[in-house]
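What you are looking at is a predicted structure, and each value in this text was computed from that prediction instead of being measured. Values reported hereafter were calculated over all heavy atoms of this structure, with side chains retained and with hydrogens, waters and symmetry mates removed.
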Amino acid sequence: MSIPAQVAWPRVGVRRCRVVMLWLAAILGLAGTGTAATRERVSLACPWRFAIDPAGCGESNGWQKPGLNVRDWAAVQVPHCWTVDPRYPHVGAAWYRRTFALPSGAARRHARLVFDGAFQRATVWLNGQPVGGHEGGYTPFELDVTSAIHWSGTNTLAVRVDNSWSTGTLPGARIGSRPQDQVYPWFEYGGLVRPVSLLLSDPVHVANQRVVATPNFADGTAEVAVTAFIANASDQAADVRLAFTVARPGDEPAAFSAEASVPPRSTVPVSARVQLPRERVALWDIDHPHLYTLRTSLRRSGDEGGAATDEPEPVVFGIRKVEARDARLWLNGVPIRMGGGNRHADHPTSGSIDPPDVIETDMRQMKRANMDLCRISHYPVSALLLDWADRHGVLIIEEGPNWQLTEAQMDSPDLRLNFQSQMREMVERDWNHPSVIGWSVGNEYPSETPAGLRWTTDMVEWVRRLDRTRLLTFASDRAGSPKITAPDGEGSCHVDLVCANIYTDYAEKLDRIHARWPDKPVMVSEFAAAGHVNLDAAGYETYFARMLDVFRGRPYVVGAAVWTYNDYRSRYPGTGADGYRHYGAVTADRKPKPVYDLLAREFSPAVIGDGRAGPAGDARGGIAVSASIRARSDFPACPLNGYTA
């Protein structure tokens, strides 16, 4: 009896209660979910009414006004994706409406409507008043509705969402004459695709928080630096005192504080830090995703004995250090090389909503297949996905929505501002997630052209000013081209980690990349799944083994992510007659294909060898098995600590 030379070692636990409970709170209707009486988050999940607006006449017909008869509108629940409903194969404008009353006893406070995602352009009215809009379908936005809200009685909320695209939208069409220039290769799932809520708080409140936790490997301590962004929406200056606590579950919290004066109608960053002793430091990594919680309390100065005036939602973070140096990727001072995958937010029944059950299924399948290092998509991903990655140990590079923009588009001031707006929203939402190790400023744009070099230089430095603690990159399909004649002739010269999308000539392209930038680690951010090469299972296994040999023989290759984890819906040329691109390791309904087991086996960081089996020599006629188990030393390669067999 023989034992396979490699097995899949899934590194995943069952920690799903928190995310499920958060989602339940969002779908149960108008319910407060605030952490204290100082602020209250009111869910606006259901009921909503919905209608498409193919003629674009909704506003002129008064669909934004209170008192409209919506008896003939469809009843829907938000989050909602109209494109999965067979009644609405619609690209263009559509409307959502609902009425609500504030919870009993709600005080007159600062009120903000919070949209976690509306694909892809939204215009909002409250009680017939226009209160703002937003462009960008994957990032959150909030609108100040303090002057428009009815503190008693009924409020009418109307939202127009438009999922059409052009050469001026992100994502959108490219400037060009080919059919593929007119579309992008994933689906335009229109709707209020993330939760909507109303946030009631004091006019002086914590608008955002950032945690930078830096380990000291020499003495085992860690510094936790906190920046709280204090917004003052009032007409009077405010002096505030902030109290912070940081702790792991079961630990005594470390407490520290800060004070500041905040001018009227402004936002001020307030910083404080604390040193954690060695015995309180547990590093976050792929197999040991230790998490900490920051809790913040704000009081007006002179009222220290009274109740807090604002207590924002707790921030979950991890202590870890990611570096790209000496042609290696380092996690907590240890070089790692990992397999990975890319994933579209696409499901036959929920579209791009990414509800908890889809996140749980997908991320668990990816983790079981040892997809641990992922440039996961071409756009900001769901916060629920990042929460899962934080809790279970997945490394993620998030990408802004530059998918194959042309030179003219990358030089467009309007598109640059649009990209920066969406990129900022992504970074400021996700900068506390330990799973996020890098930011990507685009995918497969002409990075060897003057416009592409300008884009890379400008956007990498711009994002670096927002966050200097993570790696900067983009996914290049030009980095290995023989046409590049000098190291500064392609945008990868400006990044920390070279991400290369490679589908042919793996060895030749990787060797050119390394020769051009010998000190930079390289991640193969896309490589061919079985659907790309039109091979049967046996033929692809041989093809894949040759690819892995190329990666394993080049120590500077620190990651390789298959395109893709899942089949996904598309309008792009070459899409199947069923409307799906069949590049996934699993089908659209998440049934594993033969390539899934191949990925799990080849991406396993552990090798089982010298296996023997024979009679146990006991009266029961059992079988005795012995084997050696070791960590791989080539690819993937990472420490295996705390494992049992």
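Listed for the Q182 side chain is a donor-acceptor partner under 3.5 Å among the backbone atoms of G176. Listed for the N332 side chain is a donor-acceptor partner under 3.5 Å among the backbone atoms of K321. T83 places a side-chain N or O within 3.5 Å of a backbone atom of G190 that can act as its donor or acceptor partner. Between the side chain of D414 and the main chain of G168, no donor-acceptor pair closer than 3.5 Å is present. Using a distance-only test at 3.5 Å, with no hydrogens or angles considered, a donor-acceptor pair links the side chain of Y292 to the main chain of A282. Under the 3.5 Å distance criterion, the side-chain polar atoms of T457 are matched with a main-chain donor or acceptor of L453. Not a single donor-acceptor pair under 3.5 Å links the side chain of H288 to the backbone N or O of H290. Within the 3.5 Å criterion, the main-chain N or O of L291 finds no donor-acceptor partner in the side chain of W284.
Other residues, nucleotides and ligands contribute more than 12 heavy atoms inside 6.0 Å of the CZ atom of R265.
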Q409 and R174: CA distance, side-chain angles, deciding distance, side-chain contact (heavy atoms from CB on, under 4.5 Å) verdict: CA-CA 8 Å; Q409 288 173 303; R174 267 80 56 226; 3.7 Å; yes
Stepwise side-chain contact (heavy atoms from CB on, under 4.5 Å) check, Y189 with R569: CA-CA 10 Å; Y189 286 110; R569 198 172 171 192; 3.3 Å; yes
Residues V562, F527; criterion side-chain contact (heavy atoms from CB on, under 4.5 Å); working and verdict: CA-CA 5 Å; V562 68; F527 70 86; 3.8 Å; yes
Worked check of salt bridge (charged side-chain N to carboxylate O under 4.0 Å, His left out) between K367 and D372: CA-CA 6 Å; K367 187 74 173 176; D372 292 305; 3.0 Å; yes
Worked verdict on E223 versus N216 for side-chain contact (heavy atoms from CB on, under 4.5 Å): CA-CA 8 Å; E223 181 186 79; N216 185 325; over 6 Å; no
Residue pair S164, D162: steps toward the side-chain hydrogen bond (donor to acceptor under 3.5 Å, both in side chains) verdict: CA-CA 6 Å; S164 61; D162 191 337; 2.7 Å; yes
From CA spacing to verdict: salt bridge (charged side-chain N to carboxylate O under 4.0 Å, His left out), R343, D354: CA-CA 12 Å; R343 171 191 180 270; D354 265 354; 2.7 Å; yes
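Taking CG of L395 as the start and CZ of R375 as the end, the distance is 15.0 Å to the nearest 0.5 Å. Rounded to the nearest 0.5 angstrom, D567 CG and T575 OG1 are separated by 11.0 Å. Separating the CG atom in L415 from the CG atom in L405 is a distance of 6.0 Å, to the nearest 0.5 Å. Atom CZ of R552 and atom CG of L548 lie 4.0 Å apart (nearest 0.5 Å). A distance of 10.5 Å separates CG of L242 from OG of S271, quoted to the nearest 0.5 Å. To the nearest 0.5 Å, atoms CD (E188) and CH2 (W165) are separated by 4.0 Å.
Side chains of S435 and D390: a donor on one and an acceptor on the other come within 3.5 Å. Judged by distance alone, the side chains of Q275 and T221 do bring a donor and an acceptor atom under 3.5 Å apart. Donor-acceptor pairing under 3.5 Å is recorded for the side chains of E135 and N418. For the 3.5 Å distance criterion, the side chains of N566 and T564 fail to qualify, holding no donor opposite an acceptor. Between the side chains of H433 and E398, no donor-acceptor pair of N or O atoms lies under 3.5 Å. No side-chain donor-acceptor contact under 3.5 Å links Y138 and S352. Between the side chains of S481 and R512, not a single donor N or O lies within less than 3.5 Å of an accepting N or O. There is a side-chain donor-acceptor pair under 3.5 Å between N443 and N501.
Taking the six-membered ring where tryptophan is involved, the planes of H532 and Y583 are essentially parallel, since the angle between them stays under 30° and well short of 60°. Ring-plane geometry between F115 and F141 is classed as parallel, the angle between the planes falling under 30 degrees on a 0 to 90 degree scale with a further cut at 60. Classified by interplanar angle (parallel below 30°, tilted 30° to 60°, perpendicular above 60°), the ring pair H344/W563 is perpendicular.
The minimum heavy-atom distance linking F119 with V161 is given by the pair O-CG1, 2.9 Å. When every heavy atom of N370 is checked against every heavy atom of P605, the shortest pair comes out as OD1-CD, 3.8 Å. Of all non-hydrogen atoms in P434 and R320, the two that sit nearest each other are O-NE, 2.9 Å. Closest approach of V211 to V226, counting heavy atoms only: CG2-CG2, 4.4 Å. When every heavy atom of A561 is checked against every heavy atom of M523, the shortest pair comes out as CB-CE, 4.0 Å. Nearest heavy-atom pair across E407 and P446 is CG-CG, 4.1 Å.
Salt-bridge annotation for R478 and E490: absent, with no side-chain N of the basic residue lying under 4.0 Å from a carboxylate O of the acidic one. With salt bridges taken as basic N to acidic carboxylate O contacts below 4.0 Å, none links E428 and R210. Between R429 and D116 there is no salt bridge, since none of the side-chain N atoms of the basic residue sits less than 4.0 Å from a carboxylate O of the acidic one. Look at R337 and D634 and you find no salt bridge, because none of the NZ, NE, NH1 or NH2 atoms lies under 4.0 Å from a carboxylate O. Ion pairing between D496 and K520 fails under the 4.0 Å rule for side-chain N and carboxylate O.
At least one side-chain heavy atom of R424 sits less than 4.5 Å from a side-chain heavy atom of W462. With a 4.5 Å cut-off on side-chain heavy atoms, M459 and H494 do not count as touching. The closest side-chain heavy-atom distance from L497 to I397 is below 4.5 Å. Between I513 and Y556 the shortest side-chain heavy-atom distance does not fall below 4.5 Å. Residues H378 and Y184 fail the side-chain proximity criterion, which asks for heavy atoms closer than 4.5 Å. In this structure, D181 and T406 have side chains that are not in contact, with every pair of non-hydrogen atoms separated by 4.5 Å or more. Within the 4.5 Å cutoff, no side-chain heavy atoms of D285 are placed close to those of I336. Residues R416 and D458 have side chains in contact (heavy-atom distance under 4.5 Å, counting atoms from C-beta outward).
The cationic group of R470 does not satisfy the cation-pi geometry with W431, failing either the under 6.0 Å distance to the six-membered ring centre or the 45° limit from the ring axis.
Proximity of the aromatic rings of Y379 and W186 is defined here by a centroid distance below 6.0 angstrom, and this criterion is met.
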